[in-house]
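First the proteins, then the strands, lettered A, B, ... as listed; each starts at 1. Side chains included, hydrogens not; waters and symmetry mates left out as well; all remaining heavy atoms used.
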Amino acid sequence: MFYSRLLIPTLKEDPAEAEAVSHKLLLRAGMIRKLASGIYNYLPLGLRVLRKVERVVREEMNRAGAQEVLLPAVQPAELWQESGRWQIYGKELLRFQDRHNRDCCFGPTHEEVITDLVRREVQSYRQLPLNLYQIQMKFRDEMRPRFGLIRGREFLMKDGYSFHASEADAEACYQDMYTAYNRIFQRCGLRFKVVEADSGPIGGSFSHEFMVLAETGEDLLASCLACDYAANLEKAEVVVAAANPGAEPLSAAPEEVPTPGVRTVEEVAAFFQITPRELLKTLIYETEKGPVAVLLRGDHEVNEVKVKNLLGVTDMTLAGAGRVRELTNAEVGFAGPVGLHLPIYADQAAAALAEAVTGANKTGHHLVRVNPRRDISITQVADLRTVTAQDPCPRCGTALEILRGIEVGHIFKLGTKYSQALKALFLDEAGQEQYIFMGCYGIGVSRIVAAAIEQGHDAQGMIFPMALAPFQVGLIPISLNDAATKEKALELHAALEAAGIEVLLDDRDERPGVKFKDCDLLGLPLRVVVGPRTLEKGAAEVRHRRRGEIVMVQLEELLSYLQENICQEISG
RNA sequence: CGGGACGUGGCGCAGCCUGGUCAGCGCGCCUGCCUUGGGCGCAGGAGGUCCCCGGUUCAAAUCCGGGCGUCCCGACCA
C-alpha cells in the first residue's frame, strides 16, 4: 500500500481533548476522529487495527465451535418488556420511536434478540447445544464516556450466547470459552489477568472477567502474590481468621458525649484521640425493600455489591440528608446503630469490635464504649467491605495486591434467566419441556485496540504486536528523487506484497525525518529503510520497533528475513 | 446526575481580569527556491460568524444573563 493514497492525518501535538495515552495516540496517528462524545470515526488505519482484532476473535471463536451471526442493531421494545429489562435498564438504553411511534432501542446487548431467535427455531434437545456469536456495534448511553475507545458510547463488541440442554453442558461450554478467550488475548499480545467477577443477582459462581493490566484501567482487582487467586475488587472476599461472634464488652455501658460539628470519621477520630478502626460508621441505604443500615469499621470501605447480593436487591442508594434525618432523628454525621429501628447489617470486622465510638442518632452527639454484640440488635453479620492490600488472600493467606485493569472480556453463566423470561423451551429425551440453559460471552473489540496501545507505546508512539499492527512493515525510501532508491523501493514494495506481507510504502515527498517520526507513531513492528547508503552495500536497514534494534540485511535476504520475523512474532 | 475547567483559522495556544490601539503566535496548508538519514531553511500566500442567543455600552473575543458543546473529578465512606 502506498502511504500517499491513504488518509492518515497524523498530528504533531497532543489533542487537548485526550488524557489517556491510547486516546492521544489514536488521534495523533490519524486512526480515529471524534464525532460526538463517546462516538468516533474509524479512519483507514484505525479500521485496519480493528479488523485485525476481529480476525483473531473470529478465528478463535470458530475454532471453539461457535458460529457467527449478525443480529439487528435496532430492537423492538416488546422483547425488552418481555424480559423486564425495558423498565430496569435505565438511561444507558438509548430509546426512540419509529415512524409508527413504536418504542425501539439501539441494542446495548443482545440476550433478548438471540433468545427470541432460538426459541423460535429450537424445539428439541437434538438441536442443542448451540453457540452463536456476532461482532457488532453496540450503543450504551454511558453517563460518562471517557478515554477515547476505552469507554465509548458506541463501540464494537463480540457478543456470544450459548444454549444447552443441561447445566453440565453449559458449564463445559463455559470452560471452552474460557480457553478460547485466553488464546484470543494472548494472540493480541496483551498482558492480562483472569479474575473472578461478581455474578450479580442472577446467582451462580460462574463469571470471569479478562482484565488488561494498565494504569488507565477503570476496574480495580485484587490479585494474590503467591497463588493464582484474582478477583474483581467488587467480588474479592475478606476472610477473618476464625468465625468471631463479637468480642465481650470491656467496660461499662455506652455513654453519650457532646460532639458539636464533629461529623466525618476523621473528625470523630481526632476529637476522641482514637484511630478510625475504633469507630463504627453507619451507612443508611434506600433499597426497593426499604431502608437499611450498614455498619462498618471506620477505616473500612463498604462494598455495595456485597450488600446488594446479601439483601437480594438491585436498587440501592445512599439515603439523602433529609431521609437520614427522618430515619435517625439526627443530621448526617451522627447516625448510629444503637436503638436504630432499621434492619442492621454489620460487616464482620465491625461486629467484632469490643468497644467503639459511634453516632448517637442525636445531632452533635456520639456514643462511646459501644459493644456491638451487647448494644446493637444486628440483623445479620456478613462480609460487606472491600478488601484492601492489607488483607490476606482468601485462598492461601498470602498478601494481596490491588491492580488496575481494563475489562476486555467477560464470560458468564446465565442459567435460565432469559429462557424463562422469554419462554425458550425445548423437549428433552423424555419428551418433557425444559428451559434452555444459557451462557453469554462478551469481548470489547474496539476496547482491545485501546488496551493494546495502553500497554504498547513509548515516547515516540504506538508499539503494536505483529498480530494487531495496521501494517507489518513500514518501507521508507530516503529520497524519491534518487532514481536508484525509488526503483528499489518500488521493487521491494511489490515483492513484499506479492509474498503476502502487509507493507506500507511511504512514498510521500517528505524529508526522511518526517517519515521516521510517522512510522514510529503508527507503531509498525518492522521498518525497512532503503537509501543511497544502504544500496551501496546492496542492503536495506531493518529496525524492530519494540526492541529498537537495527540490522543491515542484504537485499536478497530481505524477504525471507522479514517473513521469518513476522511469522515468529505472530505465532510467538 | 453533582463539582470543576474549557470553547479564538485544520491542530496547539495567547489575548479577556483592566472594553477601543486586536483579531495574534507556533504547527499544519498553498506557491516558489533550496534541502534530503530523525518533525530542514528562505520568501510569498490562503484561511477566522472569537461556540450560540440575548443584554450592558458610543464601542464587546473581552463585562452580564441564558443556552449548547467538550474534557476532567466524583457519583458510597456520614
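At a cut-off of 3.5 angstrom, the base of B:C71 holds no donor-acceptor pair with the side chain of A:E19.
In this structure, the CG atom of A:L35 is 13 Å from the C1' atom of B:U70, given to the nearest Å. Rounded to an integer number of Å, the gap from CG of A:L480 to P of B:U35 is 17 Å. B:A75 atom P lies 16 Å from atom CD of A:E92, rounded to whole Å. Per the geometry, CG belonging to A:L327 stands 13 Å off C1' belonging to B:A78, to the nearest Å. Protein atom CD of A:E13 is 12 Å distant from nucleotide atom P of B:A14, rounded to whole Å. At whole-Å resolution of the value, NZ in A:K515 and C1' in B:U35 are 14 Å apart. A straight line from NZ of A:K308 to P of B:C76 spans 9 Å, rounded to a whole angstrom. In this structure, CG of A:N41 is placed 17 Å from P of B:G10, rounded to the nearest angstrom.
Across every strand in view, B:C68 sits in a pair with B:G7 that passes the Watson-Crick or G-U test at under 3.5 angstrom. B:A75 is unpaired under the Watson-Crick or G-U wobble criterion, no partner having all donor-acceptor distances under 3.5 Å.
B:U49 and B:G45 have their C1' atoms separated by 23 Å, given to the nearest Å. Taking atom P in both B:G12 and B:C1, the straight-line distance is 27 Å, to the nearest Å. Taking atom C1' on both B:G32 and B:C71, the two are 42 Å apart, rounded to the nearest angstrom. Rounded to whole Å, the P atom of B:C27 lies 28 Å from the corresponding atom of B:G20.
Contact annotation: A:S37 reaches the phosphate of B:C71 (side-chain N/O to OP1 or OP2, under 4.0 Å).
Here the side chain of A:E266 is nearest to one of B:C71, B:A78, B:C76, namely B:A78. Checked against B:A75, B:C13, B:A78, the side chain of A:A16 finds its nearest nucleotide in B:C13. Of the candidates B:U70, B:C76, B:A78, the closest approach to any side-chain atom of A:E304 belongs to B:C76.
Taking the six-membered ring where the residue is Trp, A:F139 and A:F106 present perpendicular rings, their angle passing 60° and hence far from 30°.
For CD of A:E487, the number of neighbouring non-hydrogen atoms (other residues, nucleotides, ligands) closer than 6.0 Å is 12 at most.
In terms of position along RNA chain B, the nucleotide closest to A:G148 lies nearer the 5' end than the nucleotide closest to the other residue of the pair A:G148 and A:T317. Of the two residues contacting RNA chain B, namely A:M316 and A:A36, the nearest-nucleotide position lying further toward the 5' end is that of A:A36.
Considering CG of A:L296 and CG of A:D347, their distance stands at 5.5 Å, rounded to 0.5 Å.
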Per-nucleotide protein contact string for nucleotides 36-42 of chain B (B base, S sugar-phosphate only, - none; heavy atom under 4.0 Å): BBBBB--
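When A:V292, A:L318, A:L342 are each tested for a side-chain contact (heavy atoms from CB on, under 4.5 Å) with A:I284, only one passes: A:L342.
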